[in-house]
Amino acid sequence: MDKLKKVLSGQDTEDRSGLSEVVEASSLSWGTRIKGFIACFAIGILCSLLGTFLLWVPRKGLHLFAVFYTFGNIASIGSCVLHLPCVLPFGGITRGLRLSSAFCSLWH
């Protein structure tokens, strides 16, 4: 009962987990998140296309393709962090059978 009173009065001095602090620290509005999602996704697509076109450059084409295509994929996947709250994508992974399949796909 004392713990409930401390929490309700704002005097809770327990250390919180890092994840809860990250979620509470996010101050982006919905509009800002959507704009960031669109920008990151567009940058990801552009980098992937640029990497594909640079594949045909003599000698260094394969290296340029690898770099730009990798950055494009990272930007496209990273845009999901702005679109959805950080906890939602990982919350679905940790349920029952999904956890084992996620582990297997990350392991290989």
Side-chain angles (χ1 to χ4, degrees):
M1 190 65 158
D2 292 331
K3 186 175 182 178
L4 180 62
K5 287 180 183 178
K6 285 181 182 179
V7 169
L8 292 176
S9 65
Q11 298 174 354
D12 189 22
T13 58
E14 284 188 34
D15 292 334
R16 293 192 246 169
S17 69
L19 182 60
S20 65
E21 289 179 9
V22 168
V23 170
E24 289 177 8
S26 176
S27 62
L28 296 175
S29 68
W30 181 251
T32 306
R33 285 183 184 271
I34 293 298
K35 290 175 189 173
F37 166 75
I38 291 170
C40 284
F41 195 71
I43 289 170
I45 289 174
L46 288 175
C47 284
S48 295
L49 288 174
L50 183 63
T52 303
F53 293 139
L54 289 175
L55 182 60
W56 307 110
V57 172
R59 291 189 208 147
K60 294 190 178 196
L62 190 59
H63 299 291
L64 292 172
F65 167 76
V67 169
F68 279 101
Y69 199 75
T70 301
F71 284 146
N73 284 331
I74 290 171
S76 295
I77 293 170
S79 68
C80 293
V81 174
L82 292 169
H83 182 58
L84 299 172
C86 297
V87 180
L88 288 179
F90 298 112
I93 291 175
T94 57
R95 287 189 217 130
L97 182 62
R98 292 182 183 177
L99 181 62
S100 61
S101 62
F103 178 73
C104 289
S105 66
L106 291 174
W107 182 260
H108 291 346

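As the structure is a prediction and not an experimental result, all values here were calculated from the model. Just the heavy atoms: all of them, side chains too, but no hydrogens, waters or symmetry mates, feed the values below.
If you chain together ILVMFWY residues whose side-chain heavy atoms come under 4.5 Å of each other, F71 ends up grouped with V67. Under a 4.5 Å side-chain heavy-atom cut-off, the cluster of Ile, Leu, Val, Met, Phe, Trp and Tyr residues that includes L50 is completed by L54, V57, L64, F68. Hydrophobic side-chain contacts under 4.5 Å tie I45 into a cluster, directly or through other members, with F41, L49, F53.
Residues C40 and S79 approach most closely at CB-CB, 3.5 Å, considering heavy atoms.
Applying the side chain to side chain donor-acceptor pair (under 3.5 Å) test to T32 and every residue at least two apart in sequence or in another chain returns S29. By the side chain to side chain contact (heavy atoms under 4.5 Å, CB included) test, L55 pairs with L62, F65, sequence neighbours left out.
One finds the OG atom of S48 at 11.5 Å from the CD1 atom of I43 (value rounded to the nearest 0.5 Å).
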